[in-house]
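Scroll down for the structure; my scribbles are underneath it.
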2 protein chains.
Amino acid sequence: MTSPVITTREKRRQASWTQDPEGVRRNILEVARAEFVENGLSGARVDDIAAKTATSKRMIYYYFGDKEGLYRAVLETMYEGIRSFERSLDLGSLPPVEAMARLAEATFDYHVENPDFVRMVMVENVHHARNLKASRTIAGLNSSVVEVTRNIYERGVAAGLFQPGLEPLDISLTISALSIYNVSHRATVGQVFGYDMCTPEALARRRSMTVAAVLGMLRR
Amino acid sequence: MTSPVITTREKRRQASWTQDPEGVRRNILEVARAEFVENGLSGARVDDIAAKTATSKRMIYYYFGDKEGLYRAVLETMYEGIRSFERSLDLGSLPPVEAMARLAEATFDYHVENPDFVRMVMVENVHHARNLKASRTIAGLNSSVVEVTRNIYERGVAAGLFQPGLEPLDISLTISALSIYNVSHRATVGQVFGYDMCTPEALARRRSMTVAAVLGMLRR
DNA sequence: GACCAATTGAACTAGCCGGTACATTTATCA
DNA sequence: TGATAAATGTACCGGCTAGTTCAATTGGTC
């Protein structure tokens with residue numbers, strides 16, 4: 001179904017080649033993602049991206065128009081990823097406290113496992129989310145995580161377990177803040193405090209503190 | 001004592017001018033800060049910075065060596081700012097719970113009031129803290145916030161108010177995460193959720209939730 | 001197998017951008 | 001006041017960088 005990705009090694013340098021739009025597109029996106037994540041939008045070089053693909057710079061412009069178009073396409077794949085993660089959450093059957101803990105843990109884990117997403121979001125924030133705004137695709141991908149949170153929260157309030165009067169969105173943002181920080185600020189925290197937040201031990205500690213903070217904030 | 005900052009307007013375009021090393025340096029740093037904060041390291045243009053100063057590009061290289069040297073100098077002023085803030089904290093006389101709440105609030109407020117610092121830290125993380133590492137100046141500016149946190153925490157544990165066994169650094173990082181997020185992720189959150197985290201009302205909510213989360217996590 | 005649209009390649013370019021050469025003016029101080 | 005060092009201005013450059021031109025090849029269609 002999906003055509004095989006063309007690796008850099010097997011570059012088709014002969015006079016003859018086989019058409020493979022899907023593969024070329026995917027190959028460019030993969031390389032571009034690595035470059036944008038590593039160097040940011042302005043820091044990434046189209047020539048470098050092209051050199052690392054199995055194809056040429058010409059194809060980047062053919063498929064993505066310009067550098068920002070390519071960046072936007074990468075951004076879109078990232079947001080598709082987290083939306084898909086959010087949809088996969090199935091916490092309706094768990095009791096409120098367990099569900100909320102599980103939500104926090106899953107969110108935490110997602111960010112740890114997807115540093116590229118985290119870095120891309122950082123880059124995008126440096127640019128005031130200009131490309132996020134410009135993407136019709138991402139606009140259509142509305143987040144379901146707030147509704148998930150609302151459901152759990154309201155069940156908890158009804159059961160007398162959580163204190164009432166809070167905004168589900170704020171709860172969501174708190175979880176997000178505690179999850180993303182470990183990855184996004186790994187470098188500066190590592191340098192300033194001589195502490196790597198991403199070792200397995202550090203992550204385990206930070207994970208349980210995240211759950212404790214979220215539940216502690218909700219408990220009445 | 002400090003010479004007046006030369007504004008862009010009163011550029012000295014005459015054949016004669018007065019020397020003002022301090023002023024020129026400061027003027028360049030101010031302009032550079034705005035540009036780096038707005039565009040990042042690779043996004044900022046030395047020509048643009050020069051054009052917005054009262055002096056010329058020549059002086060940037062005279063005083064700061066190269067673009068990265070200028071960036072590093074800006075970064076250093078930022079870290080001097082937060083270290084100074086940390087030293088100004090005087091929470092030893094407050095009871096543990098109040099002191100911890102006050103620490104969280106003050107940290108929260110500092111980030112809200114210093115978005116330039118927050119953005120600079122973001123940019124620096126995109127670059128894997130390369131320039132932070134390179135700065136001897138910042139290395140000498142060790143953070144006192146962990147010791148402040150440790151003091152409060154240990155008093156709280158001794159008083160039977162906080163649960164024992166936690167790392168002061170982790171508590172610090174939790175406060176930091178919850179404080180910085182509102183500013184650093186304002187753009188993407190604003191776009192994705194249609195929610196501006198930096199309105200006075202939103203900040204008030206997020207501020208009290210931050211305190212609640214931190215205390216909730218510590219309470220035994 | 002001839003035609004056409006989609007896809008790909010190689011070489012090229014205009015302008016930007018970090019950095020510099022060189023000359024000149026201002027302050028310091030003996 | 002003259003010599004020296006520090007500070008500043010003007011003009012310039014070489015390489016990089018996003019984007020393009022022009023042409024060729026491929027695959028499907030009738």
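Please read all numbers here as calculations on a predicted model, not as lab measurements. The analysis underlying the following values was restricted to heavy atoms, covering all of them including side chains, and did not include hydrogens, waters or symmetry mates. Each chain gets a letter, A, B and so on, in the order the sequences are listed, and its residues count up from 1.
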Without hydrogens or angle criteria, can the side chains of A/T188 and B/E124 be said to hold a donor-acceptor pair below 3.5 Å? no
Are the charged groups of B/E147 and B/R150 less than 4.0 angstrom apart, N to O? yes
Would you say the ring centers of B/Y79 and B/F117 fall short of 6.0 Å from each other? yes
Any ion pair linking A/E35 and A/K52 (charged N to carboxylate O, less than 4.0 Å)? yes
Does B/R25 come within less than 4.0 Å of B/E22, counting only side-chain N to carboxylate O? no
Find the distance B/E22:CD to D/dA6:P and express it as a whole number of Å. 15 Å
Any A/T55 side-chain nitrogen or oxygen under 4.0 Å from OP1 or OP2 of C/dT8: no
Non-neighbouring partners of A/A187 that pass side-chain contact (heavy atoms from CB on, under 4.5 Å), sequence neighbours left out: B/N125, B/A129
For the helix from C/dG1-D/dC30 to C/dA30-D/dT1, measure the angle between the helix axis at one end and the axis at the other, each built from five pairs, rounding to 10°. 10°
So if I define the base as every atom that isn't primed, P, OP1 or OP2, how would nucleotides 15-21 of chain D read as a B/S/- string at a heavy-atom cutoff under 4.0 Å? --SBBBB
Atom OH of A/Y62 to atom P of D/dC22: distance rounded to whole Å? 18 Å
Flag the pair A/E68 and A/R130 as a salt bridge only when some basic side-chain nitrogen lies within less than 4.0 angstrom of an acidic carboxylate oxygen. yes
Base, sugar-phosphate or nothing for B/F64? Non-hydrogen atoms, less than 4.0 Å. nothing
To the nearest Å, give me how far apart CE (A/M59) and P (D/dA24) are. 18 Å
The single option from B/T210, B/V211, B/L103 passing side-chain contact (heavy atoms from CB on, under 4.5 Å) against B/F108: B/T210
Electrostatic pair A/E86-A/R83, nearest N-O below 4.0 angstrom: yes
Rounded distance (Å) that lies between atom P of C/dA6 and atom CZ of A/R25: 15 Å
Specify the separation, in whole Å, of atom OH of B/Y63 and atom C1' of C/dT20. 18 Å
Round to a whole Å and report the spacing from CD1 of B/I60 to P of C/dT20. 13 Å
